[in-house]
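Scroll down for the structure; my scribbles are underneath it.
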Amino acid sequence: MQRKYNPSKIEEKWQKLWEREQTFAVDEDGTKKKYYLLEMFPYPSGRIHMGHVRNYTIGDVVARYKKMRGYNVLHPIGWDSFGMPAENAAIQHGIPPAKWTNENIDSMKKQLKRMGFSYDWNRELSTCEPAYYRWEQLFFLWMYEKGLAYKKGGSVNWCPACKTVLANEQVEAGLCWRCGSEVTEQYFDQWFFRITAYVEELLDYCDKLPGWPERVLTMQRNWIGKSHGCELVFPMADSDDVIKVFTTRQDTIFGATFMLIAAEHPLVMKLAAGKSVEQDVRDFVERVKKQDRMMRTSDYYEKEGVFLDAYCLNPVTNKRMPIYAANFVLADYGTGCVMAVPTHDQRDFEFAEKYGLQKIVVIQNPENPLDAATMTEAYVDEGILVNSGRFDGMKNLQALEDIAEYLESIGRGRKTIEYRLRDWGISRQRYWGAPIPMITCEKCGVVPVPEADLPVILPTDVALTGEGESPLARVASFVNVSCPNCGGPARRETDTMDTFVESSWYFARFCSAHHDSKPGLDRQKVDYWLPVDQYIGGIEHAIMHLLYARFYTKMLRDFGVLGVDEPFTNLLTQGMVCKETARCREHGYLFPEEVRNGKCVRCDREVTIGKTEKMSKSLKNVVDPNYIIDEYGADTARMFCLFAAPPERDLEWSDQGVDGSFRFLGRVWRIVMEYLDDIQNVAPFDGREELDGDIKILRKKTHQTIKKVTIDIEERFHFNTAISAVMELVNALYQTRRPEAEDAKFLSVIRETVENVIILLAPIVPHITEELWGMIGGKQRLSEAPWPSFDATVAAEEEITIVVQVNGKVRSRIQVAASESDETIKGLALNDQKIRQFVGDRQVIKEIYVPKKLVNIVVKQ
RNA sequence: GCGAGAGUGGCGGAACUGGAAGACGCACUGGACUUAGGAUCCAGCCCGCGAAAGCGGAUAGGGGUUCAACUCCCCUCUCUCGCACCA
């Protein structure tokens, strides 16, 4: 055994070689089938974490596998480099965001390179560079032209003390994270993208993405939230105005006894204006604005309202309906107004009870008739219409259509479709984002920056304090411009774009990452590579990022820039990386090195080992990939991430598990060394001679393993079971007893097995396998070698086990030749001695035979 | 709260389409080799009763469908993700 497994030496050697030989650089090649594999690009936070390692390892296995299968594989990487953390670092430590970001990119790039990922680094991009965001600004101008980008009022979290806008994560229990002041709601004019213009197509294609996990599609459908219903018109009792509501329950219209309006709806103050209730209403509205939006709509939350001293009329009964502002109605769904039917909606019921409002039963329970006076909760099931004029006696669900038509006929409503999806607010009152290329002129109003003047470059000399309005608003040289229209004084837009905008089209940019002429995407290249064949990323992006990217793809298609309807053909959503937490009563959460023998190193108190949670800095349960690479090597880190759990499940980190992965690689290394001298110049077994005994079994196992690993990678991405299969093969190799004399046939079978162990592991642990491959005399680079195929005849089992059950319990097993006829198998099972004993003289009721698997005999008890 | 998932030995997981529950690995136990072992190789290892053969139990908990349920249906519990300004 001349050499020891030395991962750091091997890994560095091959990483350099792949880089020098440009192994993973690609161009369009019409002679090969393309495969575009993409992992969600990282935000450059400073260091890669295990979540990245896992995500990128999964992607790398597929990329390398597809390359071995002969595809022209595009596997790019870049940086989602705009975002809040850079701005926070600047506020806290005075480091300019660009400097902070670029330094982070440098160090993370080094870490990624140490993992041996097969990226085409030539296509690296960073979204905070003008070379990237200039095209985003161009698309913005086109969107503005088409009405897909527009301005309207939108609310933000506002800290009155810092005089600044807060992100949701900067609001802690309703208070500003920095100064602790109570956060209020503030309305600004902001930019929105009209994603709702594509809502039907976005929904339709949820049925045309068979390569996506069903649960992601379900979440997207629910997010879009299409519902069929009616827009109904309620005339005001004392004026010619009307209130419009959206409802899916027009069958209950005869039971609508009052009207509810979202507290923050402008109509509320309008109706209360000048009345004695005005001050009460204003107080109520202010209070509701501070209530948590999620809690407000909860079933258990106290339903509150205030009477607006106004009435409207029920459009079918003409009865007066008092109008209330309510906390559980939301302004941005439907029209922000709701007709209340207390007898058949639980929230309305509770509200009516509290404020003593009228209840009329309109859907009768056929089994247990309802009485409005004695009901204790709303009746929400199906039933027969009553108190509903001409519709009495109909089943309520069947009357939906008729009632809608009737309301239309009397001019009091029309059938409509409502969506939960709202337009995408992209304005951020922040510095570190792509500037919105618009100008506001005193005379001409909102004017787009002319295309020729793009990009609008983000200035670098900006003081960041975390207080006051948008930082850009204080940069005079940026803000003050002359109007492109009239030449008069004008102001630049100082909002920047939501960082989800950058990640909505980066996958297209990778196809022609350095294309520097309009529109930043080379149509020919984009057409060759898109759509992304396999997209891989965290499940946390299941809705927003993926929906925005789908929207952008459709829009850019309509601009003639892309030729595909959907960006990602197949999607793999991976689970979180978790680890147990350690906590000391005195010192809180502890790093693993702060725990010795179950005690805190500082105070010697017992440490509580908590449940496993997502790795995060605050829980101190993070594992540094650099440490793992230094200690075990990248191959072990990759191997463990894949072996510990299937990709879609959460992965629980285990230091001992890492040891186990490392030991397996050592085991592979040693068995190859063991046979190295004997198989170096031997050709793999050609299958022409008969085999028997140990080597026959080994060869069968080899071909079965090729089959299993291929299916596990190709069809399921279940790398954990693929690795298990190779472990079994390696175990079989160890079990195979070496004959006394040198035996050419024997060695050729060993050669075949050893070769396949190495090849099958190549996408998973590329460094060690490339090294071993070279040692056994592999001609080409393993990363360029073809994936093996298996011989189905060799892999087939000759003997199979038939399970014999009595009343569903296993009582015996019989071995039969795989070629045996079903009749014979059945007969053998019935006549099996143990079975005959078991059945005894009980009466056989039924015999179930599952071909080649199982016989179940049902007997009378 | 709403929407979407998940729950299997001491631990990570396997069982792909309703047909052998626990592959593979870790931990643990024993053996071999060794100057030594925390290296390596070999073996054992779900729980209960039992010397063994075997019998019974077991896939978060409860119910159901079925000859047969980790797998399908209903209810409950726990955990994870998303909820529109974290990315």
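In what follows, every chain begins at residue 1, and chains take the letters A, B, ... in the order their sequences are listed.
Nucleic acid contact for A:Val216: none, since no nucleic acid atom lies under 4.0 Å from a heavy atom of the residue. Backbone-only contact: A:Arg811 has heavy atoms under 4.0 Å from sugar-phosphate atoms and none from a base. Note on A:Gly225: nothing from the nucleic acid sits closer than 4.0 angstrom, heavy atoms only. Within the 4.0 angstrom heavy-atom criterion, only backbone atoms of the sugar-phosphate kind lie near A:Thr499; the bases stay farther away. Contacts of A:Phe664 with the nucleic acid, taken as non-hydrogen atoms under 4.0 Å apart, are absent. Here A:Arg215 lies in heavy-atom contact (under 4.0 Å) with sugar-phosphate atoms only. Among the protein residues, A:Trp424 comes within range of no part of the nucleic acid, since none of its heavy atoms lies under 4.0 Å from any strand. Across all strands shown, A:Arg667 has heavy atoms under 4.0 Å from sugar-phosphate atoms exclusively, and none from any base. Residue contacts shown for A:Ser427 include a base, since a base heavy atom lies under 4.0 Å away. Backbone-only contact: A:Ala644 has heavy atoms under 4.0 Å from sugar-phosphate atoms and none from a base. Residue A:Val171 is classed as having no contact, given no heavy-atom separation below 4.0 Å to the nucleic acid. Across all strands shown, A:His545 has no heavy atoms under 4.0 Å from either base or sugar-phosphate atoms. Across all strands shown, A:Glu214 has no heavy atoms under 4.0 Å from either base or sugar-phosphate atoms. Note on A:Phe662: nothing from the nucleic acid sits closer than 4.0 angstrom, heavy atoms only.
Contacts classified as side-chain hydrogen bond (donor to acceptor under 3.5 Å, both in side chains) and involving residues 802-812 of chain A (residues at least two apart or in different chains) are given here: A:Ser812-A:Asp832. For the salt bridge (Lys or Arg N to Asp or Glu O under 4.0 Å) condition, no pair includes a residue of residues 183-199 of chain A, sequence neighbours left out. Within the structure, salt bridge (Lys or Arg N to Asp or Glu O under 4.0 Å) contacts touching residues 537-549 of chain A (residues at least two apart or in different chains) do not occur.
Rounded to whole angstrom, the span from the CD atom of A:Gln843 across to the C1' atom of B:rC67 amounts to 15 Å. If you measure from atom CZ of A:Phe838 to atom P of B:rA53, you get 16 Å, rounded to the nearest angstrom. Rounded to an integer number of Å, the gap from A:Leu665 CG to B:rU40 P is 12 Å. Note: CG (A:Leu217) to C1' (B:rG82) measures 15 Å, nearest angstrom. Going from atom CG of A:Leu546 over to atom P of B:rA84 covers 17 Å, rounded to whole Å. Rounded to an integer number of Å, the gap from A:Glu540 CD to B:rG3 C1' is 17 Å. Rounded to whole Å, atom P of B:rC81 lies 12 Å from atom CE of A:Met219. A:Leu421 places its CG atom 22 Å from the P atom of B:rC2, with the value rounded to the nearest Å.
For A:Gln429 and B:rC85, a side-chain-to-base donor-acceptor distance below 3.5 Å is present, hydrogens and geometry of angles not being considered.
Under the 4.0 Å criterion applied to side-chain N and carboxylate O atoms, A:Glu467 and A:Lys163 are not assigned as salt-bridge partners.
B:rG38 and B:rC28 have their P atoms separated by 11 Å, given to the nearest Å. The same atom, C1', is picked in B:rA60 and in B:rU80; the two are 15 Å apart, to the nearest Å. With both ends at atom C1', the span from B:rU66 to B:rU76 equals 24 Å, rounded to whole Å. The C1' atoms of B:rA6 and B:rG57 are separated by 26 Å, rounded to the nearest whole Å. To the nearest whole angstrom, the two C1' atoms, one in B:rU29 and one in B:rG64, are 43 Å apart. Straight-line distance between the C1' atoms of B:rA20 and B:rG82: roughly 40 Å, to the nearest whole Å. Spacing between B:rC72 and B:rG3 at atom C1', rounded to whole Å, works out to 23 Å. Going from the P atom of B:rU35 to that of B:rG30 covers 22 Å, rounded to whole Å.
Ring-plane geometry between A:Phe193 and A:Tyr552 is classed as tilted, the angle between the planes lying from 30 to 60 degrees on a 0 to 90 degree scale.
A donor-acceptor contact closer than 3.5 angstrom links the side chains of A:Thr801 and A:Gln815. A:Arg428 and A:Gln190 are not linked by any side-chain donor-acceptor pair at a separation below 3.5 angstrom, with hydrogens and angles left out of the test. For the residue pair A:Trp177 and A:Glu169, no side-chain donor N or O sits within less than 3.5 Å of a side-chain acceptor on the partner. Of the N and O atoms on the side chains of A:Asn104 and A:Arg47, not one donor lies less than 3.5 Å from an acceptor on the other residue. Looking at A:Gln837 and A:Gln833, their side chains never bring a donor and an acceptor atom within 3.5 Å of each other.
Every residue meeting the ring-ring contact (aromatic ring centres under 6.0 Å, His included) condition with A:Tyr506, not counting sequence neighbours, appears here in chain and number order: A:Phe41, A:Phe510. Every residue two or more places apart in sequence or in another chain that forms a ring-ring contact (aromatic ring centres under 6.0 Å, His included) with A:Trp432 is listed here: A:Phe82. A:Phe500 is linked by a ring-ring contact (aromatic ring centres under 6.0 Å, His included) to A:Tyr548, counting only residues two or more places apart in sequence or in another chain. The side-chain contact (heavy atoms from CB on, under 4.5 Å) check on A:Thr218 picks up A:Glu214, A:Arg221, A:Asn222, with sequence neighbours excluded. Residues passing the ring-ring contact (aromatic ring centres under 6.0 Å, His included) test with A:Phe349, sequence neighbours excluded: none.
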How does protein reach along nucleotides 14-24 of chain B, written 5' to 3' as B (base within reach of a heavy atom under 4.0 Å), S (only sugar-phosphate), or - (no contact)?
-> SSB--BBS-BB
Dump the pairs, protein N or O against N or O of nucleotides 27-30 of chain B, anything under 3.5 Å, distances to one decimal.
from: B:rA27; atom 1: OP2; to: A:Arg663; atom 2: NH2; distance (Å): 3.1

Which protein N or O atoms sit under 3.5 Å from an N or O of nucleotides 57-60 of chain B?
from: B:rG57; atom 1: OP2; to: A:Lys809; atom 2: NZ; distance (Å): 2.8

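With rounding to the nearest 0.5 Å, the separation of CD1 in A:Ile723 from CZ in A:Phe640 is 10.5 Å.
Although no hydrogens or angles enter the test, the distance criterion places no donor-acceptor pair under 3.5 Å between the side chain of A:Thr127 and the main chain of A:Asp80. Between the side chain of A:Asn720 and the backbone N or O of A:Ala644 there is no donor-acceptor pair closer than 3.5 Å.
Taking side-chain N and O atoms only, A:Gln735 has a distance below 4.0 Å to OP1 or OP2 of B:rC42. In this structure, A:Gln186 does not reach the B:rC85 phosphate: none of its side-chain N or O atoms is under 4.0 Å from OP1 or OP2. Residue A:Tyr734 places at least one side-chain N or O under 4.0 Å from the OP1 or OP2 atom of B:rC41.
Distance from the side chain of A:Asn168 is smallest for B:rA84 among the nucleotides B:rC81, B:rG3, B:rA84.
In RNA chain B, runs of at least 3 stacked Watson-Crick or G-U pairs (N1-N3 plus N6-O4 or O6-N4, or N1-O2 plus O6-N3, all under 3.5 Å) give these stems: B:1-7 with B:77-83, B:10-12 with B:24-26, B:28-32 with B:40-44, B:46-49 with B:54-57, B:60-64 with B:72-76.
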